[in-house]
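Worksheet for the structure shown next.
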Amino acid sequence: MGDDIEEMERMLNEYLEFARHQKNEETEKINLNEIIKDLVNKYKEDKIAVSLEENLEINVRPNSIKRCLSNLIDNGLSYGENIKIISNKTKNNISIFIDDDGPGIAENEYQNVMKPFYRIDKSRGQNKSGVGLGLSIANDIIRSHGGIIALDKSPLNGLRVKISLPL
Ligand SMILES: Nc1ncnc2c1ncn2[C@@H]1O[C@H](COP(=O)(O)OP(=O)(O)O)[C@@H](O)[C@H]1O
Ligand SMILES: [Mg+2]
């Protein structure tokens, strides 16, 4: 009973924090590299490799994008040990890959893990505070920018999360 209540409290808090962030954030022209570098500096550097395109200027809601990326980095470091962040730019869009060396996700779970509160198995990342909202929030944020998130296998043998944002 106590555990259930604690779990519900964490779910609510995580959701409320998300709702608060989404509220009326202004769009700004920023270089995504700055957001990525800021985030990487907050984690143990030797666990995150980066390969970034020089100029990733784009109109976005910076705090939302930051939250999205930090959810994905958190996952990579919770379910895997090391991650690599790769960014690319084409004429019409910017793509960001977040690769990890964890167990990955079976293809038949790709759709499910995007759903709120869905977790593949609770023993994964047991000591982490996630409640199954990380990916669905990340997905929401990217879609609200007109982009898409897709999952794949990563060259590091774990999960690859592919973000694509229109320019
Ligand atoms: N990088 C990853 N590697 C392996 N499994 C993952 C990864 N990211 C997410 N998952 C799986 O997808 C589920 C949903 O992820 P998420 O929405 O972030 O929730 P949470 O991390 O809070 O459990 C996780 O519980 C986990 O089973
Ligand atoms: Mg998570």
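What you are looking at is a predicted structure, and each value in this text was computed from that prediction instead of being measured. Read the numbers this way: they start at 1 and go in the same order the structure lists the ligands and their atoms. All residue numbers in this chain count up from 1 along the given sequence.
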Pro103 versus ligand 1: do any nitrogen or oxygen atoms come within less than 3.5 Å of each other?
no

Result for side-chain contact (heavy atoms from CB on, under 4.5 Å) between Leu52 and one of Leu32, Asn31, Ile36 points to Ile36

side-chain contact (heavy atoms from CB on, under 4.5 Å) partner of Ser164, the single match among Ile94, Thr90, Asn93:
Asn93

Any link between Ile86 and Val50 through a network of hydrophobic side chains (Ile, Leu, Val, Met, Phe, Trp, Tyr) touching at under 4.5 Å?
no

Under 4.5 Å between side-chain heavy atoms, counting indirect links through other Ile/Leu/Val/Met/Phe/Trp/Tyr residues: same cluster for Tyr79 and Phe97 or not?
no

Would you say Gly104 touches ligand 1, if touching means a heavy atom closer than 4.0 Å?
yes

Would you say Gly102 contacts ligand 1, with heavy atoms under 4.0 Å as the rule?
no

Judged by modelled atom types alone, do Glu25 and Ser64 share a side-chain donor-acceptor pair under 3.5 Å?
yes

Distance-only polar pair, side chains of Lys115 and Asn112, donor-acceptor under 3.5 Å
yes

Check whether Ser154 reaches the backbone of Asp100 with its side chain - one donor and one acceptor, N or O, closer than 3.5 Å.
yes

Side chain Asn157, main chain Gly102, donor-acceptor under 3.5 Å:
no

Ligand 1-proximal atoms of Leu133, by part, heavy-atom distance under 4.0 Å
backbone

How does Leu159 reach ligand 1, by side chain, by backbone, by both or by neither, if only non-hydrogen atoms under 4.0 Å count?
side chain

For [atom], state which one of [options] supplies the nearest heavy atom.
atom: atom 10 (N) of ligand 1; options: Ile137, Ile73, Ile105, Asn75; answer: Ile105
atom: atom 20 (P) of ligand 1; options: Tyr79, Tyr118, Phe117; answer: Tyr79
atom: atom 1 (N) of ligand 1; options: Asp100, Ile120, Asn139; answer: Asp100

For the pair Asp99 and Arg160, find out whether any cationic side-chain nitrogen is under 4.0 Å from an anionic carboxylate oxygen.
yes

Side chains of Glu28 and Arg61: closer than 4.5 Å at any heavy-atom pair?
no

Might you point out which heavy atoms bring Lys89 and Glu53 nearest each other, and give the distance in Å?
N-OE1, 3.4 Å

Environment of the Mg ion (ligand 2) in terms of protein N/O/S atoms, cut-off under 2.8 Å
Asn75 OD1

Interfacing atoms of ligand 1 (cut-off 4.0 Å, heavy-atom, Arg119)
20 (P), 23 (O), 25 (O)

List ligand 1 atoms under 4.0 Å from Gly132, heavy atoms only on the residue side.
17 (O), 19 (O), 20 (P), 22 (O), 23 (O)

